[in-house]
Amino acid sequence: MAFADLKKQSKLGSLTEKLVKEVEKMNSSGSSSDERVWKLDCDKSGNGYAVIRFLPAPDGEDLPFVKIYSHAFQGPGGWLIDNCLTSINQKCPVCEHNSGLWNNGTDAGKEVARKQKRKLTYVSNIYVVKDPANPENEGKVFLFKYGKKIFDKITEAMQPEFEDESPIDPFDFWQGANFKLKAKNVAGYRNYDSSEFASQGALLNDDDALEAIWKKQYSLADFMSPNEFKTYEELKKRLSSVLGSKNTRIDEEVEEEDNYRGSTKELDDDLRSELNNLKPTRPAPVEEDDDDALSYFARLAED
Ligand SMILES: [Zn+2]
């Protein structure tokens with residue numbers, strides 16, 4: 001861009017406008033600004049509908065889904081939002097702390113343990129067949145994060161309860177079935193009970209197209225890579241900071257900033273008092289199931 005054009009834009013305020021738009025985009029996609037991840041858009045009343053197809057295991061991987069536990073709760077020292085180490089069969093300091101609370105013999109202990117418990121998320125590759133709210137997603141491959149309710153529907157399809165139903169592999173390109181994802185609002189929570197598999201059949205009658213889809217799939221194994229997890233020690237440190245008092249935490253963070261910034265003391269004092277005067281954030285959610293926890297954080301990020 002020519003310097004003169006930069007100046008012209010300055011007059012028109014279009015750069016600011018652009019920046020505002022970018023910031024809005026970042027805020028609205030929030031913690032899941034990950035463009036690989038598809039989400040069901042619901043209307044104001046909480047209803048949403050889409051048709052998706054669960055895809056086979058990506059090339060070189062064994063499973064068409066991964067199962068991740070995570071913790072997400074607020075303590076006096078802020079939010080703890082981290083993957084749980086039990087996802088990769090390791091000891092988790094947060095879970096250990098929770099079982100202590102659970103077993104301390106008080107109702108209060110149980111309640112806190114419940115609030116801080118690990119939450120389950122599955123991740124699969126999907127092909128979006130129909131997305132009325134965002135038609136531009138149709139025909140594309142995404143990652144999809146879902147909870148136990150939807151996973152149970154998959155399990156039921158693989159192991160039907162009644163004799164007259166034949167088992168299907170929902171992840172199969174040819175013998176699988178599309179999934180009609182239906183969300184509604186039940187007592188303030190997003191509910192997927194009405195979702196169901198359509199009848200069995202090939203996703204597309206074109207193996208070349210299917211192969212192209214398969215090659216576009218994202219690695220699921222990457223979600224289980226050690227980089228996705230704090231170490232036991234790191235998580236333990238984060239836990240005590242979150243459970244500690246707010247003022248202590250903020251002073252610590254400001255001190256950490258001092259170490260590499262080396263800026264004026266005056267600024268830090270201002271920052272410290274500003275941070276210490278922050279109003280507490282909203283109370284932690286009551287979570288009924290994993291999907292709801294996810295949508296809670298999505299909402300939180302959108303605010
Ligand atoms: Zn844990």
Side-chain angles (χ1 to χ4, degrees), residues 30-34 37 39 61-124 143-152 154-155 189-190 192 219-246 248-249 252-253 280-301:
S31 56
S32 305
S33 58
D34 191 343
V37 179
K39 273 184 179 170
E61 298 186 14
D62 296 331
L63 284 174
F65 63 87
V66 281
K67 184 178 174 179
I68 303 162
Y69 289 103
S70 59
H71 295 280
F73 58 88
Q74 192 182 26
W79 282 93
L80 183 145
I81 301 178
D82 279 296
N83 284 337
C84 172
L85 283 165
T86 61
S87 313
I88 48 172
N89 298 318
Q90 292 180 18
K91 286 201 294 180
C92 169
V94 184
C95 288
E96 286 174 352
H97 177 75
N98 283 343
S99 47
L101 286 169
W102 187 261
N103 295 316
N104 76 3
T106 67
D107 285 347
K110 281 202 169 63
E111 197 180 310
V112 176
R114 211 174 275 129
K115 190 186 102 181
Q116 300 179 170
K117 74 170 192 205
R118 60 180 195 171
K119 306 195 173 61
L120 179 57
T121 305
Y122 295 89
V123 188
S124 288
L143 290 165
F144 178 48
K145 298 183 173 182
Y146 52 102
K148 189 177 178 302
K149 287 238 176 89
I150 290 172
F151 191 75
D152 285 348
I154 292 173
T155 319
Y189 293 99
R190 194 178 278 197
Y192 295 103
S219 166
L220 298 174
D222 282 357
F223 284 91
M224 308 313 266
S225 101
N227 315 336
E228 297 295 318
F229 295 84
K230 285 197 167 100
T231 65
Y232 183 94
E233 286 309 320
E234 286 166 346
L235 198 49
K236 195 171 175 177
K237 197 175 156 206
R238 179 69 198 146
L239 176 66
S240 36
S241 149
V242 163
L243 297 179
S245 84
K246 191 173 180 175
T248 317
R249 177 188 66 102
E252 269 172 17
E253 282 183 1
T281 45
R282 72 191 72 189
V286 181
E287 285 140 12
E288 293 301 327
D289 82 19
D290 302 303
D291 293 331
D292 300 325
L294 284 175
S295 65
Y296 174 80
F297 285 108
R299 280 204 306 278
L300 191 74

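Residue indices begin at 1 and follow the sequence shown. We count ligands from 1, going down the list as the structure has it; atoms in each ligand are counted the same way.
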What protein N/O/S atoms are there under 2.8 Å from the Zn ion (ligand 1), waters excluded?
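Less than 2.8 Å away from the Zn ion (ligand 1) sit His71 NE2, Cys84 SG, Cys92 SG, Cys95 SG.
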Is the shortest heavy-atom distance from the side chain of Leu243 to the side chain of Gln116 under 4.5 Å?
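Sidechains of Gln116 and Leu243: in contact.
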Listed by chain and number, what are the side-chain hydrogen bond (donor to acceptor under 3.5 Å, both in side chains) partners of Thr86, not counting sequence neighbours?
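Only Arg118 meet the side-chain hydrogen bond (donor to acceptor under 3.5 Å, both in side chains) criterion with Thr86.
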Should we count CD of Glu228 as having more than 12 external heavy atoms under 6.0 Å?
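Buried by this count: over 12 neighbours within 6.0 Å.
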Return each pair, listed once, that meets salt bridge (Lys or Arg N to Asp or Glu O under 4.0 Å) where at least one residue sits in residues 71-99; pairs must be two or more places apart or across chains.
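Every pair satisfying salt bridge (Lys or Arg N to Asp or Glu O under 4.0 Å) with a residue in residues 71-99: Asp82-Lys230.
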Whether Phe144 and Tyr146 hold their rings parallel, tilted or perpendicular, with breakpoints at 30° and 60°:
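Parallel, since the angle between the ring planes stays under 30°.
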ring-ring contact (aromatic ring centres under 6.0 Å, His included) with Phe151: which residues, sequence neighbours excluded?
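If we apply the ring-ring contact (aromatic ring centres under 6.0 Å, His included) test to Phe151, skipping adjacent residues, the hits are Phe65, Tyr122.
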